[in-house]
Amino acid sequence: MKPIKITSSTQSFKTIKADASIIFIVNKKLKTPLSINEKIFKTMGYKGEGFLFDQINKTLYYGIKDLSADSLREAGYTVIKYFKNLPFSSLKMICYGTESEMQALLIGLFLGNYNFEFYKSEKISHPIKEVIFAKEGYDKSSKAPTATMIKKAEILAQAICDVRDVVNLAPQEATPAYLANWAKNVAKTSKISCKVLDKKALIKEKMGAFLAVNRASIHEPALIHLNYKPKNAKSRIVLVGKGLTYDCGGLSLKPSDFMTTMKADKSGGCAVIGILQAVANLGLPIEVHGIVGATENMIGGNAYKPDDILISREGKSIEVRNTDAEGRLVLVDCLSYAQDLAPDILIDFATLTGACVVGLGEYTSGIMGYNENLKIRFEDSALRSGELCARLPFNRHLEKLLESKVADICNISNSRYGGAITAGLFLGAFIREDYKDKWLHIDIAGPAYVEKEWDINPYGASGAGVRACIEFISDLCGE
Ligand code: BES
Ligand code: ZN
Ligand code: ZN
């Protein structure tokens, strides 16, 4: 992330020195509390929608629908993006909204400066360096951001941008070893512990399902285990992430059009690493473990096959009927390991099914699990954080579709319908009775990778899951 220094000033808007100004026009009300040069609205025929740039006063007017957190977050992102291509490096604006809305605006501002330019010869030449909030507010309820609010937004934005960077890396670069190395670096800088289980350790752990997926890859698998354990921890939450650094489908090979973007099949695992970084830097009073199952799903003479029977760490046998349903195989062994850590809450994040994208659209994650109340709580936190998600219901009829004639369970359903839920039910079959009510499965296949920019998400990885989970954990801690 390119850093922006955001500050709250005690000075008035007029007296603050900055290269340019930002003024939001709320709900087409062309009267602003600042009345800089409102004549320009008439001259330019501006009705309060979209952008208007007053070149003489170097002021950007931007129309927003209302002062909700969602509108302000997106507006913050959009105005910074607008200025990135202009030769201005400091901006000033007034305050809008109460604390939670300002928090959303701050995150939007930080994320507006994000660009994935790693492979580009020409980089953005004018990133924004500074945003100064004047003492004025849009109305009486407007709150100036405090240093704590700014720091919080920065930590969250930094985690999201780090996740985006790694997910966006090309698959030849972002291998399981790369993810493990990144996790170790996060651990070092955020003062958390990190253990990496290599192939030998996975064999010792009897992770037959995870290992089968890895078989045709030239890269060794890695199970990454991060742990943040503050002294004042109130409870323990274990997060599990699907870290497929590439998913070509294996022998049940994906068609080419569906294979591109599958570098993003590591999004769940990367989100988990980002969440641990943010939780540690925010100093939240809760113990958090992050488990990432990192491997490629490749093709070759050594590949696992449809018809293979795998023995999972939980001891259950799995009939493979489709090698492209690999995420669930990696996850069940990671979930097994995770349950040994005796979590109070267990959540997995995965780009698990195309069916979830078909069902909910590309903006929304699916929430599954056996505990309706826990699902509602996660949904509520996620929506407040600005991430879209919806609850998908399990039922016993869909569960039956996973029955196998030769093993304990089959890795795909025998119906074309309900694929997101049957994938969730497959995972659920490996959750022990004691943990059924503590577990949530979040399918982020839709929003994890963005092919057409939307909300605060540019092309590429979005960092889906990070904001939602941090909000959920903060709510758990009562912060
Ligand atoms: N990684 C994919 C799911 C996916 C699809 C993520 C589109 C993001 C965008 C997963 O491993 C997969 O291939 N799932 C199959 C399951 C099927 C074989 C039962 C799918 O969704 O088609
Ligand atoms: Zn797959
Ligand atoms: Zn996959």
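Hydrogens, waters and symmetry mates are skipped; everything else that's a heavy atom, side chains included, is used. Just so you know, ligand 1 is whichever comes first in the structure, and atom 1 is the first atom listed for that ligand. What you see is a predicted model, and the numbers here were worked out from it, not measured in a lab.
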Option passing side-chain contact (heavy atoms from CB on, under 4.5 Å) with [X] (candidates [options]):
{"X": "R321", "options": "C410, P306, S413", "value": "C410"}
{"X": "C194", "options": "L276, N181, I224", "value": "I224"}
{"X": "F426", "options": "I318, I412, L401", "value": "I318"}

Exercise. Do I22 and V131 touch side chain to side chain, with heavy atoms closer than 4.5 Å?
Worked result: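 Sidechains of V131 and I22: no contact.
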Problem set entry | V163 side chain near W182 side chain, heavy-atom distance below 4.5 Å |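 When only atoms from C-beta onward are counted, W182 and V163 do touch, with a gap below 4.5 Å.
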Polar side chain donor-acceptor pair, [X] to [Y], under 3.5 angstrom:
{"X": "E471", "Y": "S385", "value": "no"}
{"X": "N214", "Y": "T295", "value": "yes"}
{"X": "D165", "Y": "Y114", "value": "yes"}

Problem set entry | Set of residues that line ligand 1, where lining means a heavy atom lies under 4.0 Å from it |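 Contacting ligand 1 under 4.0 Å are K242, D247, K254, M262, D265, N322, D324, E326, R328, T351, L352, T353, G354, I412, A445.
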Exercise. Are E372 and K375 within salt-bridge range, i.e. N to O under 4.0 Å?
Worked result: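 Salt bridge flag = yes for K375 with E372.
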Exercise. Which protein atoms of type N, O or S are found under 2.8 Å from the Zn ion (ligand 2)?
Worked result: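 Correct list: D247 OD2, D324 O, D324 OD1, E326 OE1.
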